[in-house]
Amino acid sequence: MSLVLYNTATRRKEPFVPFVPGRVGMYVCGPTVYDYAHLGNARPVVVFDVLYRLLKRTYANVTYVRNITDVDDKINAAATARGEPIAAITARTIAAFHEDMAALNALPPDVEPRATQHIAEMIAMIERLVASGHAYVAEGHVLFHVPSLPTYGALSGRDRRAMVAGARVEVAPFKRDPADFVLWKPSSLDLPGWESPWGRGRPGWHIECSAMSEAHLGITFDIHGGGRDLIFPHHENEVAQSTCVHGGAPLVRYWLHNGFVTVEGEKMAKSVGNIVTVRALLGEFRGEAIRLALLSTHYRQPLDFTREGLREAERTLDRWYRLVGPRRAPGGRVADGVLAALDDDLNTPLAVAELHKLEEPAALRGAGDLLGLLQQDRDAWFHSTPRQSFSTTGIASAEAVGHPGAYQTGAPDQDYFAEGTSMAGSLSESVINERIQQRETARKARDYTTSDSIRAQLLARGIVLEDGPQGTTWRRAT
RNA sequence: GGCCAGGUGGCGGAGUGGCUACGCAGCGGACUGCAAAUCCGUGUACACCGGUUCGAAUCCGGUCCUGGCCUCCA
């Protein structure tokens with residue numbers, strides 16, 4: 001394997017060489033848990049899941065860390081707005097996140113640290129920053145002093161003075177420099193808080209990732225991933241904190257960032273009202289189709305998510321499932337073309353094209369395993385509806401998770417899915433099989449009027465019949 | 001305003017100097033009682049204008065357009 005990755009820090013593709021031979025440490029920024037995961041959250045999870053699978057093929061020791069941010073002002077705001085304890089919101093959201101990502105065939109990370117479990121490490125880190133002159137205390141806050149680090153801005157490629165000039169947010173008066181950012185801030189008693197040398201307070205956003213990556217991956221690790229929007233300020237600030245704490249030792253060797261997701265050509269944003277949650281989408285499409293749609297565009301490119309794109313992904317999976325054989329079986333050797341595509345900076349669209357060239361079931365299953373696709377039995381795929389697929393993986397319904405109204409994402413979102421009315425799932429398999437038998441009888445009697453009417457009836461309920469050499473099979477229309 | 005991406009056939013989407021992917025849709029055919037599925041055939045695209053070159057979608061310059069970031073949005 002000769003993996004090449006595009007490194008945001010150098011803006012070039014570079015051969016991937018682990019810092020410690022044979023061992024790989026990878027950190028991906030995970031969700032802030034106050035609401036269901038949307039497509040923008042799902043893309044990095046799926047993309048870096050493919051990278052994780054690819055790395056595990058080659059390296060015996062891969063540690064994948066994906067954090068959970070469970071202390072954040074957005075969570076506090078949600079708790080206030082809903083009149084619900086923070087712990088209840090985070091616990092429920094984390095459970096939903098796990099279910100949704102599992103439905104997308106994303107493997108769980110090796111470590112999933114939570115910010116609230118690493119407060120002590122954060123405080124220790126901040127103390128060192130204060131002691132070394134990189135941070136200062138002001139009005140109960142601890143701030144990182146950006147001018148104390150001459151190389152600040154290298155990752156995002158921006159000039160400090162230009163940033164200040166373009167700043168559109170009011171600068172807090174106690175900052176020594178407009179670019180300084182918060183490491184620790186005071187908490188009133190109604191907000192989550194921990195005792196610290198600077199009084200009861202809570203961490204700023206960036207420090208958690210510095211603390212958690214050090215705790216689980218050490219001072220310098222190989223890969224750090226996330227969405228493009230995190231390059232600045234989040235990752236820039238992470239670099240600043242960590243390198244200052246670690247006496248200049250580099251934090252990350254390869255920075256990877258995925259592009260944004262738009263929906264039907266529009267930016268997905270709360271203000272537009274077109275946030276598409278994975279959970280809502282899973283009600284209409286199967287997880288593997290969503291996953292394939294996410295992998296059909298190169299991860300660094302912008303991805304426009306459309307209903308038609310999802311349908312195409314379903315048709316593609318239909319075709320592959322017809323070829324892979326009835327039972328889920330261990331995959332065979334991964335085709336060279338597929339590997340070469342993924343080795344080239346995770347070129348998943350090219351890998352998908354390579355899959356189209358495969359005809360052998362074992363080869364398809366093998367490539368599918370690496371991409372996290374084709375993970376079920378053929379019948380399970382053809383007979384399942386989105387809902388069923390969702391529940392057979394042990395996922396509780398949105399209602400069972402509770403307070404569905406709390407996750408109201410607005411009318412436009414509802415409209416997006418309203419047109420996808422589906423009758424599939426309204427017929428049980430026994431009824432379908434019974435009708436197929438009746439049709440068989442009619443066909444043997446050459447009563448094609450009856451047989452065609454049975455097929456038409458089933459089609460109206462979303463069931464497609466196919467007469468093959470081995471008899472009649474059925475599938476859910478998509 | 002600054003910085004950064006991107007504009008490829010009806011659609012999606014790779015490709016970054018010559019060999020013009022791949023998929024979907026469409027069209028024609030085979031198969032089928034009819035379908036579906038499958039198979040065969042079928043489409044010479046690279047925003048615009050210059051330049052470099054024997055040769056450019058691919059390199060250089062310019063123009064237009066779209067999107068993102070610019071202090072807590074993946």
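So you know, we letter chains A, B, ... as the sequences are listed, proteins then strands, and number each from 1.
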Say we look at [N] and [M]: how far apart would their [atom1] atoms be, to the nearest angstrom?
N	M	atom1	result
B:G18	B:C69	P	36 Å
B:C54	B:C27	C1'	39 Å
B:G13	B:G6	C1'	14 Å
B:A47	B:G15	P	15 Å
B:G62	B:G68	C1'	24 Å
B:A14	B:G23	C1'	11 Å
B:G7	B:U16	P	13 Å
B:G29	B:C22	C1'	23 Å

Indicate, with a heavy-atom threshold strictly under 4.0 Å, whether [X] touches base, sugar-phosphate, or nothing.
X	result
A:R446	nothing
A:K74	sugar-phosphate
A:R455	base
A:V352	nothing
A:R439	base
A:G40	base
A:K185	base
A:G309	nothing
A:L230	sugar-phosphate
A:G259	base
A:R43	nothing
A:R443	base
A:P302	nothing
A:L39	nothing

If only side-chain N and O atoms of [X] are considered, is one of them under 4.0 Å from the OP1 or OP2 phosphate oxygen of [N]?
X	N	answer
A:R322	B:U38	yes
A:R311	B:A25	no
A:N41	B:C73	no
A:T297	B:G13	yes

Pair assignment for [N], Watson-Crick or G-U wobble, requiring both distances under 3.5 Å:
N	result
B:C69	B:G2
B:G33	none
B:G50	B:C60
B:G23	B:C11

Where the side chain of [X] is defined as all heavy atoms beyond and including C-beta, which of [options] is the nearest nucleotide?
X	options	result
A:H356	B:C22, B:A74, B:A35	B:C22
A:L350	B:A14, B:U71, B:G23	B:A14
A:Q301	B:A14, B:A37, B:C72	B:A14
A:E466	B:A37, B:C4, B:C34	B:A37
A:A353	B:G33, B:A37, B:A21	B:A21
A:D229	B:C34, B:C69, B:G23	B:C69
A:R315	B:A36, B:C72, B:A25	B:A25
A:R475	B:U71, B:A37, B:C4	B:A37
A:V182	B:A14, B:C72, B:A74	B:C72

Can you measure [X] atom [atom1] to [N] atom [atom2] for me and round it to whole angstrom units?
X	N	atom1	atom2	result
A:L373	B:G23	CG	C1'	14 Å
A:H298	B:A5	NE2	C1'	12 Å
A:L458	B:A36	CG	P	16 Å
A:E312	B:A14	CD	P	13 Å
A:I436	B:A36	CD1	C1'	13 Å

For the residue pair A:T277 and A:H38, confirm or rule out a side-chain donor-acceptor distance under 3.5 Å.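 Not at all, the side chains of A:T277 and A:H38 share no donor-acceptor pair under 3.5 Å.
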Quiz question: by atom type and distance under 3.5 Å, do the side chains of A:D318 and A:W381 form a donor-acceptor pair?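 There is such a pair between these side chains.
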Taking [X] first and then [Y], would you say they form a salt bridge - that is, a charged N and a carboxylate O separated by under 4.0 Å?
X	Y	answer
A:D379	A:R475	no
A:D369	A:R53	no
A:E440	A:R443	yes

Axial cation check for A:W184 ring with A:R202, 6.0 Å and 45° limits: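 Not flagged: A:R202 not positioned over aromatic ring of A:W184.
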Compute both the distance and the angle, then confirm whether A:R176 meets the cation-pi test with A:Y136: under 6.0 Å from the six-membered ring centre, within 45 degrees of the axis.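 Judged by the rule (NZ or CZ under 6.0 Å from the ring centre, within 45° of its axis), A:R176 counts as positioned above A:Y136.
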Verify whether the ring centers belonging to A:H356 and A:W320 lie closer than 6.0 Å.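 Yes, they do, as the ring centres are separated by less than 6.0 Å.
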Is the distance between the ring centroids of A:H206 and A:H235 less than 6.0 Å?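 No.
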Under 3.5 Å, is there an N or O donor on one side and an acceptor on the other linking the side chain of A:D467 and the base of B:C34?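 Present.
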Side-chain donor or acceptor of A:D452 under 3.5 Å from a matching atom on the base of B:G33?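 Pair found.
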Looking at A:E360, I want to see if its CD is surrounded by more than 12 non-hydrogen atoms of other residues, nucleotides or ligands under 6.0 Å.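 It does not: A:E360 CD has 12 such atoms or fewer within range.
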Please indicate yes or no: is the ring centre of A:F260 less than 5.5 Å from the centre of the six-membered base ring of B:G67, with the two planes inclined by under 30 degrees?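 Aromatic stack with B:G67 absent for A:F260.
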Taking the nucleotide of RNA chain B with the nearest heavy atom to each, does A:P31 or A:E354 sit closer to the 5' end?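 Closest to the 5' end, via its nearest nucleotide, is A:E354.
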